[in-house]
Engineer: 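Got a structure here, written out as structure tokens. Questions coming.
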Amino acid sequence: MKRDLYDITSYGQGEPTAIILQPFAPDSKDTMASLPVELQQATGATFLFCQFEVQDPGDNLTPWPAPPMFGKRPFGSMATDTLEYITSELLPEIKGEADLPLILGGYSLGALFALWCAYQTDAFDGVVAVSPSLWYEGWIEYASQRTPMARHIYLSLGVTESNGTNPRITARGDNIRRHADL
């Protein structure tokens, strides 16, 4: 993956006890700016927070082609390139000499990507998937045939996220529960 597709910023306060990586879309940069502070306040933990901008989440965070959810543009399949960037360039750059637990987080397609990474590599001690796009075509079948390599997986589903008129979106709650059972 070309390095110019990513914007890396780090956050940490005191001696970090973990490294959290988080992909984000360009339109969520403002939201991402407050996330490390909110995590620190909610958990009391000290960590290094590294967020990297993904220019096209519909391509860069999806593991295989899938039909479009909204509009006419289908999803791509460049998650392998993004994971390669993380493991070969980003991790060596941010880990340095630190031997800290590594957590990959994500929201929506970023959460789908984080879960997919848990099945691809043992580089991550944990995965945090907030509102994962488990409506993604073929995901449940994929996950049911594999074992994740991450030791810890956290799944989160908001109260209203299973509501709506699109049947693929409304299946998200059931799919998260099915994934948790796996």
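Predicted model only: the values in this text are computed from it and were never measured.
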Engineer: Are Gln55 and Glu53 close enough that a side-chain donor and a side-chain acceptor fall under 3.5 Å?
Structural biologist: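 On atom types as modelled, these side chains qualify, holding a pair under 3.5 Å.
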Engineer: List the atom of Gly106, the atom of Ala111, and the distance in Å for their closest heavy-atom pair.
Structural biologist: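 Nearest pair, atom of Gly106 first, then Ala111: O-CB, 3.2 Å.
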Engineer: Within the 4.5 Å heavy-atom criterion, are Phe47 and Leu39 side-chain neighbours or not?
Structural biologist: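 Yes. Closest side-chain heavy atoms under 4.5 Å.
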Engineer: Check Pro92 against Ser88 and note the closest heavy-atom contact, atom names and distance.
Structural biologist: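 Heavy atoms only, the tightest pair is CG-O, 3.4 Å.
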Engineer: Check the orientation of Trp64 and Tyr142. Use parallel for under 30°, tilted for 30 to 60°, and perpendicular for over 60°.
Structural biologist: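 It falls in the tilted class, 30° to 60°.
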Engineer: What's the separation between atom CD1 in Ile86 and atom CG in Asp81, rounded to the nearest 0.5 Å?
Structural biologist: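 Rounded to the nearest 0.5 Å, the CD1-CG separation comes to 11.5 Å.
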Engineer: Is it the case that one hydrophobic cluster holds both Met149 and Leu102, taking links as side-chain heavy atoms less than 4.5 Å apart, direct or via other members?
Structural biologist: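 In one cluster with Met149: Leu102, no.
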Engineer: Given side-chain contact (heavy atoms from CB on, under 4.5 Å), test Leu104 with Phe113 step by step and report yes or no.
Structural biologist: CA-CA 9 Å; Leu104 179 62; Phe113 172 75; 4.2 Å; yes
Engineer: So do the side chains of Leu21 and Phe49 get within less than 4.5 Å of each other, counting heavy atoms only?
Structural biologist: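 No. Closest side-chain heavy atoms not under 4.5 Å.
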Engineer: Distance from Cys50 atom SG to Leu90 atom CG, nearest 0.5 Å?
Structural biologist: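 These two atoms lie 4.5 Å from each other.
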Engineer: If you measure from CD on Glu89 to CD1 on Ile94, what distance do you get to the nearest 0.5 Å?
Structural biologist: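 Answer rounded to 0.5 Å: 12.5 Å.
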Engineer: Decide yes or no for Leu61 and Pro23: does some side-chain heavy atom of the first lie under 4.5 Å from some side-chain heavy atom of the second?
Structural biologist: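 Yes, side chains in contact.
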Engineer: Which heavy atom of Pro101 sits nearest a heavy atom of Thr17, and at what distance?
Structural biologist: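 Residues Pro101 and Thr17, closest heavy atoms: CD-O, 3.2 Å.
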Engineer: Pro132 versus Ile176: any side-chain heavy-atom pair under 4.5 Å?
Structural biologist: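 When only atoms from C-beta onward are counted, Ile176 and Pro132 do touch, with a gap below 4.5 Å.
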Engineer: Would you say the side chain of His179 lies within less than 4.5 Å of the side chain of Leu155, judging by non-hydrogen atoms?
Structural biologist: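 The answer is yes; the side chains approach within 4.5 Å.
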Engineer: Are the aromatic rings of Trp116 and Phe124 close, with centres under 6.0 Å apart?
Structural biologist: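 Judged by ring-centre distance (under 6.0 Å), Trp116 and Phe124 do not meet the cut-off.
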Engineer: Heavy atoms, side chains only, cut-off 4.5 Å: are Thr147 and Leu182 in contact?
Structural biologist: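 No; the side chains remain at least 4.5 Å from each other.
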Engineer: Heavy atoms only: give me the nearest Asn175-Leu134 pair and the separation to one decimal.
Structural biologist: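 Shortest heavy-atom contact: ND2-O, 2.9 Å.
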Engineer: Ignoring hydrogens and angles, tell me if any N or O in the side chain of Ser133 forms a donor-acceptor pair with the backbone of Trp135 under 3.5 Å.
Structural biologist: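 Looks like no, no N/O pair under 3.5 Å.
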Engineer: Could you grab the distance from atom CZ of Arg178 to atom CD1 of Ile140, nearest 0.5 Å is fine?
Structural biologist: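 One gets 5.0 Å once the value is rounded to the nearest 0.5 Å.
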Engineer: Given Phe75 and Trp139, is the ring-ring contact (aromatic ring centres under 6.0 Å, His included) satisfied, shown in steps?
Structural biologist: CA-CA 13 Å; Phe75 292 100; Trp139 176 257; over 10 Å; no
Engineer: Has the side chain of Ser108 got a donor or acceptor atom that lies under 3.5 Å from a matching backbone atom of Gly110?
Structural biologist: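 Pair absent, no side-chain N/O of Ser108 close to backbone of Gly110.
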Engineer: Any chance you could measure Leu83, atom CG, to Met78, atom CE, to the nearest 0.5 Å?
Structural biologist: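 CE of Met78 is found 13.0 Å from CG of Leu83.
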Engineer: For a quick test of reading the model, state the closest non-hydrogen atom pair linking Leu100 to Ala18 and the distance between them.
Structural biologist: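 The pair with the smallest heavy-atom distance is CB-CA, 4.1 Å.
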Engineer: Can a salt bridge be assigned to the pair Arg177 and Asp174 using a cut-off of 4.0 Å between side-chain N and carboxylate O?
Structural biologist: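 A salt bridge links Arg177 with Asp174.
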Engineer: Are Thr62 and Tyr136 packed together at the side-chain level, in the sense that at least one heavy-atom pair is separated by less than 4.5 angstrom?
Structural biologist: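 Contact flag for Thr62/Tyr136 side chains = yes.
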Engineer: Can you check whether Val127 reaches Cys117 side chain to side chain, under 4.5 Å on heavy atoms?
Structural biologist: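 No, side chains not in contact.
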Engineer: Examine Tyr107 together with Phe24 and report whether their ring centres are nearer than 6.0 Å.
Structural biologist: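 No, ring centres 6.0 Å or more apart.
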Engineer: So, for Pro63 and Leu112, which heavy atoms are closest and what is the spacing to 0.1 Å?
Structural biologist: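 Smallest interatomic distance, heavy atoms only, reads CD-CD2, 4.2 Å.
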Engineer: Please lay out, stage by stage, how Val128 and Ile153 fare under the test side-chain contact (heavy atoms from CB on, under 4.5 Å).
Structural biologist: CA-CA 6 Å; Val128 175; Ile153 296 177; over 6 Å; no
Engineer: About how many Å separate OG1 of Thr82 and CG of Asn60, when rounded to the nearest 0.5 Å?
Structural biologist: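 Nearest 0.5 Å value for the CG-OG1 distance: 4.5 Å.
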